[in-house]
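To keep things clear, I will list the structure first and then write my remarks on it.
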Amino acid sequence: MSSSSKKSIAAPKSMTASNAPAARGKAAPTKSPARPARDSVFESRLARHHDELRWLYMELYDNGDMFAELIDRMRRFSDGRSEALRKLDIVREQEGAWYRSQDMLGMQMYIDNFAGTIKGVEDKLSYLERCHVNYIHLMPFLDTPSDKSRSDGGYAVKDFRRVQPGLGTMDELAHLASACHERGMSLCMDFVMNHTSEEHEWARRARAGEGEYMSRYFFESNQEVIDQYSRDVPQVFPTTAPGHWTYLPELGQCVMTQFYPYQWDLNYRNPRVFNEMMYNFLYLANQGIDIMRLDAVPYIWKQLGTNCRNLPQVHTLVRMMRMIGEVVCPGVALLGEVVMAPVEVVPYFGTVEKPECHMLYNVTTMATTWHTVATEDTRLLRQQLDAVCTLPKEYTFLNYLRCHDDIGWGLDYQTLRGWGQEEVPHKRYLNDYFLGNIPGSPSRGALYNADPVTGDARFCATTASMCGIEAAGFEGNAEAMEVAVRKDLMLHAYMFTQSGLPIIYSGDEVGQVNDYAYRDDPEKADDSRYIHRGQFSWELVANIEQAGTVQSQIFAGLDELERIRREDPVFGSEAAWYPKDYSDPAVLWIVRECGEETLHAVFNFSGASKTIWMPERARYRNLISGEQAELETFELPAWGFAWYERQ
């Protein structure tokens, strides 16, 4: 879509004020509105977006009948939305960007690893409340092939309207969502847009030769086209799943499979695909899902002769999704998974006038953080944070130290090259460091998708193991354990200091280390990401009550950090923040300002203690200890941090 076309579309008028007070959005009890009133609300929302939505749809598909069907189905899904969800929609519309609330804290988990089933998760909500979690990201739970080696951890979806039988049912999911809403919690799920499992009904019917369903994927028998695509488009998994096509002998054709051979890429050039996937989206939203994580969104539009990444049509599709959501389920937020360079990530916010995703993962900052740990050099991280903090405040990042996936070293190598660090040897150094092969490194983990030809690889481990808790425990080294726990808490404090929504991976709150049992499971042995997807240890939770244990120190430390972040206005989403220059490259200094309050957050990314000079001799309050003193300098231990607020 051309930029001139975008400019000719009237700006939508439904945007809430960017400075609206943020809140979690707990629906207040009200009487059920009469049917005409409900219809009026839908029509009013539709009127705000109809013209732009139709413009974009027709520009992409030029199919008025399919657009009319989409609007009709949107009306039906709106009508089928429960009264409780309608009330929550209204509350969140009035509050504005509810997901930017200062008290928002996320936790990511696999249902089976955390609590066995969806009912089990509901039984554990009190524990999550104790963790101050009010945003629960349930990793993929929709139906997938029973063979785990062909499920991609749940990202090969067999049925978008059925839960994996071992985890529960859709009714139980809806009940969990309702229970969460009663506690002021929200649920996030993965919406896998780019592909389906080869066992999905569409794929089965396409494999049987039904033309209507073949058109929902990409089938090709022309070798020249296959060769051109393979030449122009980068591979996603060049080692574990090389190539872009899978040959189907029963059809004598290839089907596009950019990720794994059992995941067939959907053809969004077909309006039937977009419509049906939006119906799945709205169905899941009506179960009570609050945040939809759009998986692999940059890949969803393919065009021969391009690299099939971040094409303009992708932004058109996401913009339409945003408007469809604002008409039918305005309480639902879109979280984009865009694992790309920063210049390619930011456009997925859209603009303030024409927004796309509500939130995006802060991928580059996460990878740069671990680069900083390995090099004890904050210069690249300072540059990254400086770029992020200058973006509009409406742009909300989801900040994290690690997730279910690997850590890819997609760093700014142009800048690093100027400092004498070439891409290939530096990636090799980072992996060697976190494997524990570099003298002095306390990290432990495993490589993922290692390419013996290029030497490129990604890395997998839990936060605790990367910080040295696993190694210190194995060695019985109390001094090393003290440093490792301090490093773990420092990194979490640094994450909380950034603006955006922080999310913790389940187990990190109790310092859970790598789980090597996956190597003995034939269905998991080839995927080292399972090293940090281990069963959650409830035995470790029991240890948080025992003073002096690693679990007690980390849990209590995070509890205090989270309390301060919730209560002090300087951590609010409207506060200004920026990285401050400091002469020592091992020191990261972030300033946050709100009204008359100024926070100096200082982090020591090195194994040596530091004497820190304040910008001026003044009276400061230590937010951790509560002590107040006139300071000119203070000491930071190795891998330590300080939150000082000027009085």
**Complete:** Taken in chain and number order and not counting sequence neighbours, the residues that satisfy ring-ring contact (aromatic ring centres under 6.0 Å, His included) with Trp643 are Phe571, Phe641
**Prompt:** Judged by modelled atom types alone, do Ser552 and Gln546 share a side-chain donor-acceptor pair under 3.5 Å?
**Reply:** no
**Prompt:** Does Glu545 have any salt bridge (Lys or Arg N to Asp or Glu O under 4.0 Å) partners at least two apart in sequence or in another chain, and if so, which?
**Reply:** Arg130
**Request:** To the nearest 0.5 angstrom, please state how far the CD atom of Glu353 sits from the CD atom of Glu394.
**Result:** 9.0 Å
**Request:** Say whether Tyr99 and Thr396, considering side chains only, have a donor N or O and an acceptor N or O under 3.5 Å apart.
**Result:** no
**Request:** Given salt bridge (charged side-chain N to carboxylate O under 4.0 Å, His left out), test Arg529 with Asp152 step by step and report yes or no.
**Result:** CA-CA 11 Å; Arg529 291 176 297 181; Asp152 189 24; 3.3 Å; yes
**Item:** Test of ring centre spacing under 6.0 Å for Tyr448 and Tyr530
**Value:** no
**Request:** Not counting sequence neighbours, which residues clear salt bridge (Lys or Arg N to Asp or Glu O under 4.0 Å) with Glu616? List them please.
**Result:** Arg646
**Message:** Any heavy-atom pair between the side chains of Val373 and Leu491 that's under 4.5 Å?
**Reply:** yes
**Request:** State whether a side-chain donor-acceptor pair under 3.5 Å links Arg322 with His358.
**Result:** yes
**Asked** Looking at the rings of Tyr620 and Phe634, which for Trp means the six-membered one, are their centres under 6.0 Å apart?
**Response** no
**Ser443/Phe459 under side chain to side chain contact (heavy atoms under 4.5 Å, CB included): CA gap, chis, key distance, verdict** = CA-CA 11 Å; Ser443 176; Phe459 186 77; 4.3 Å; yes
**Message:** So, using salt bridge (Lys or Arg N to Asp or Glu O under 4.0 Å) as the criterion, who are the partners of Lys487 when residues are at least two apart?
**Reply:** none
**Message:** I need the full list of salt bridge (charged side-chain N to carboxylate O under 4.0 Å, His left out) pairs touching residues 552-567, with sequence neighbours left out, sorted by first then second residue.
**Reply:** Glu560-Arg563, Arg563-Glu567
**Message:** When you compare the side chains of Tyr361 and Arg293, does any donor N or O come within less than 3.5 Å of an acceptor on the partner?
**Reply:** yes
**Complete:** Nearest heavy-atom contact between Arg382 and Pro585 is NH2-CA, 3.7 Å
**Prompt:** Using the ring of each side chain (for Trp, its six-membered ring), is His315 parallel, tilted or perpendicular to Tyr348, with breaks at 30° and 60°?
**Reply:** tilted
**Prompt:** Do the side chains of His426 and Thr375 get nearer than 4.5 Å, heavy atoms only?
**Reply:** yes
**Prompt:** Mind checking whether Met104 and Asn134 have side chains closer than 4.5 Å, heavy atoms only?
**Reply:** yes
**Request:** Only counting residues at least two apart or in another chain, list the ones meeting side chain to side chain donor-acceptor pair (under 3.5 Å) with Tyr127.
**Result:** Glu509
**Message:** Are Leu435 and Leu447 packed together at the side-chain level, in the sense that at least one heavy-atom pair is separated by less than 4.5 angstrom?
**Reply:** yes
**Message:** Less than 4.5 Å apart, side chain to side chain, heavy atoms only: is that true for Ile469 and Ile554?
**Reply:** yes
**Euclidean distance, His404 NE2 relative to Ser506 OG, rounded to 0.5 Å** = 14.0 Å
**Fill in**
Hits for side chain to side chain donor-acceptor pair (under 3.5 Å) against Tyr135, two or more places apart or cross-chain, chain-then-number order -> none
**Item:** Minimum side-chain heavy-atom gap Val133-Met185 below 4.5 Å
**Value:** no
**Asked** Looking just at side-chain N and O atoms, do His600 and Trp589 make a donor-acceptor pair shorter than 3.5 Å?
**Response** yes
**Rounded distance (nearest 0.5 Å) linking atom OH of Tyr518 with atom CG of Asp526** = 9.5 Å
**Prompt:** Just wondering, are more than 12 heavy atoms of other shown residues or ligands nearer than 6.0 Å to CD in Glu632?
**Reply:** yes
**Prompt:** For Lys393 and Glu574, which heavy atoms make the closest approach, and how far apart are they?
**Reply:** NZ-O, 2.6 Å
**Fill in**
Closest heavy-atom pair, Ala493 versus Phe603, reported as atoms and distance to 0.1 Å, is C-CE2, 3.8 Å
**Considering all heavy atoms, the nearest Ala446-Ser528 contact** = CB-CB, 4.1 Å
**Fill in**
Applied to residues 579-606, the salt bridge (charged side-chain N to carboxylate O under 4.0 Å, His left out) test, sequence neighbours excluded, yields Asp584-Lys610
**Request:** Kindly compute the distance separating CE (Met366) from CG (Leu398), expressed to the nearest 0.5 Å.
**Result:** 11.5 Å
**Asked** Just checking, any donor-acceptor pair under 3.5 angstrom between side chains of Asp190 and Tyr155?
**Response** yes
**Message:** Suppose we screen for salt bridge (Lys or Arg N to Asp or Glu O under 4.0 Å). Which residues come up paired with Glu630, at least two apart in sequence or across chains?
**Reply:** Arg617
**Asked** Where do Tyr400 and Tyr505 land on the ring-ring contact (aromatic ring centres under 6.0 Å, His included) test, with the steps shown first?
**Response** CA-CA 8 Å; Tyr400 63 111; Tyr505 194 93; over 10 Å; no
**Nearest heavy-atom neighbours spanning Thr497 and Ile590** = CG2-CG2, 3.8 Å
**Item:** Value rounded to 0.5 Å, distance of SG in Cys188 from CE in Met139
**Value:** 9.0 Å
**Request:** Apply side chain to side chain contact (heavy atoms under 4.5 Å, CB included) to the pair Val602 and Tyr644, showing each step before the final yes or no.
**Result:** CA-CA 8 Å; Val602 189; Tyr644 278 113; 5.9 Å; no
**Message:** As a quick check of understanding, evaluate side chain to side chain contact (heavy atoms under 4.5 Å, CB included) for Leu599 and Asp568, giving each step before the final call.
**Reply:** CA-CA 10 Å; Leu599 172 72; Asp568 196 312; over 6 Å; no
**Asked** How long is the gap from OH on Tyr494 to CG on Leu385, to the nearest 0.5 Å?
**Response** 5.0 Å
**Complete:** All heavy atoms of Ala461 vs all of Met466, minimum pair found to be CB-CG, 3.5 Å
**Sequence-distant partners of Arg458, side chain to side chain donor-acceptor pair (under 3.5 Å), two or more places apart** = none
**Asked** Do side-chain atoms of Ser499 reach the backbone of Ser573 as a donor and acceptor pair under 3.5 angstrom?
**Response** no
**Item:** Set of side chain to side chain donor-acceptor pair (under 3.5 Å) partners for Asp412, sequence neighbours left out
**Value:** Thr415
**Item:** Counterpart residues, ring-ring contact (aromatic ring centres under 6.0 Å, His included), relative to Phe496 (two or more places apart)
**Value:** none
**Message:** Using side-chain heavy atoms (C-beta onward) and a distance below 4.5 Å, is Asn194 in contact with Asp295?
**Reply:** no
**Prompt:** Any side-chain heavy atom of Thr365 sitting closer than 4.5 Å to one from Phe397?
**Reply:** no
**Message:** Test salt bridge (charged side-chain N to carboxylate O under 4.0 Å, His left out) on Glu627 and Arg621; report intermediate values, then the result.
**Reply:** CA-CA 6 Å; Glu627 296 177 354; Arg621 180 168 68 95; over 6 Å; no
**Request:** With side chain to side chain contact (heavy atoms under 4.5 Å, CB included) as the test, would you mind laying out the steps for Val339 and Asp405 before giving the verdict?
**Result:** CA-CA 11 Å; Val339 185; Asp405 221 339; over 6 Å; no
